[in-house]
Amino acid sequence: MAKYLKYTKNFYFVFTVLFIVWMVFIDSNDIISHFKLRSKLSDLENQREFYQERKEKIKAEREELLSNYELLEKFARERYLMKRKTEDLYVVVEE
């Protein structure tokens, strides 16, 4: 026990221990914050992959719509409720 007390009286040992405690638990850039930020970063990277895939899918659909007039007309009728001048449009809302 006296061996350990000898080290606690050493200024450099006490300073080093206090510095480590400060950096691990008290500082604004502590280890816990780093773990939280890393998990948030991985979540954001997963979201980025999802949105990249979605962007590619939307680009493909856009190219398909612009190349096929019949498909474009169908899309406009369904999505934006467009019609020709001689047609009547009825919207059925399901509850």
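All residue numbers in this chain count up from 1 along the given sequence. Since this is a predicted model, take the numbers as computed values, not measurements.
Contact record, Ser33 with Ser28: OG-O, 3.7 Å, taken as the closest heavy-atom pair. Taking all atoms of both residues into account, the shortest heavy-atom contact from Leu72 to Leu65 is CB-O, 3.6 Å.
The environment of CD in Glu61 is crowded: more than 12 heavy-atom neighbours from other residues, nucleotides or ligands sit within 6.0 Å. Around atom NZ of Lys83, more than 12 heavy atoms belonging to other residues, nucleotides or ligands sit under 6.0 Å away. Atom CD of Glu70 is surrounded by 12 or fewer heavy atoms from other residues, nucleotides or ligands within 6.0 Å.
Cluster annotation: Phe11 is not connected to Val21 through the hydrophobic network of ILVMFWY side chains, with a link wherever side-chain heavy atoms come within less than 4.5 Å. One hydrophobic cluster holds both Phe25 and Trp22 under the rule that ILVMFWY side chains link at heavy-atom gaps under 4.5 Å. Linking Ile, Leu, Val, Met, Phe, Trp and Tyr whenever their side-chain heavy atoms come within less than 4.5 Å leaves Met82 and Tyr90 in two separate clusters. Ile26 and Phe15 fall into different hydrophobic clusters, where Ile, Leu, Val, Met, Phe, Trp and Tyr are joined by side-chain heavy atoms under 4.5 Å apart, directly or via other members.
Lys59 contributes atom NZ, which lies 9.0 Å from atom CZ of Arg62 (distance to the nearest 0.5 angstrom). Here the CD1 atom belonging to Ile32 is positioned 12.0 Å from the CG atom belonging to Leu37, to the nearest 0.5 angstrom. Within the model, atoms CZ of Arg48 and CG of Asp43 stand 15.0 Å from one another, a figure rounded to the nearest 0.5 Å. Taking OH of Tyr51 as the start and CG of Leu44 as the end, the distance is 10.5 Å to the nearest 0.5 Å. Considering NZ of Lys36 and CD1 of Ile31, their distance stands at 13.5 Å, rounded to 0.5 Å.
Contact of the Asp30 side chain with the Met23 side chain is not registered, since no non-hydrogen atoms from C-beta on lie closer than 4.5 Å.
Under a 3.5 Å cut-off, the side chain of Ser67 and the backbone N or O of Glu63 do form a donor-acceptor pair.
By the salt bridge (Lys or Arg N to Asp or Glu O under 4.0 Å) test, Glu73 is found to be paired with Arg77, Arg84, residues two or more places apart in sequence or in another chain being considered.
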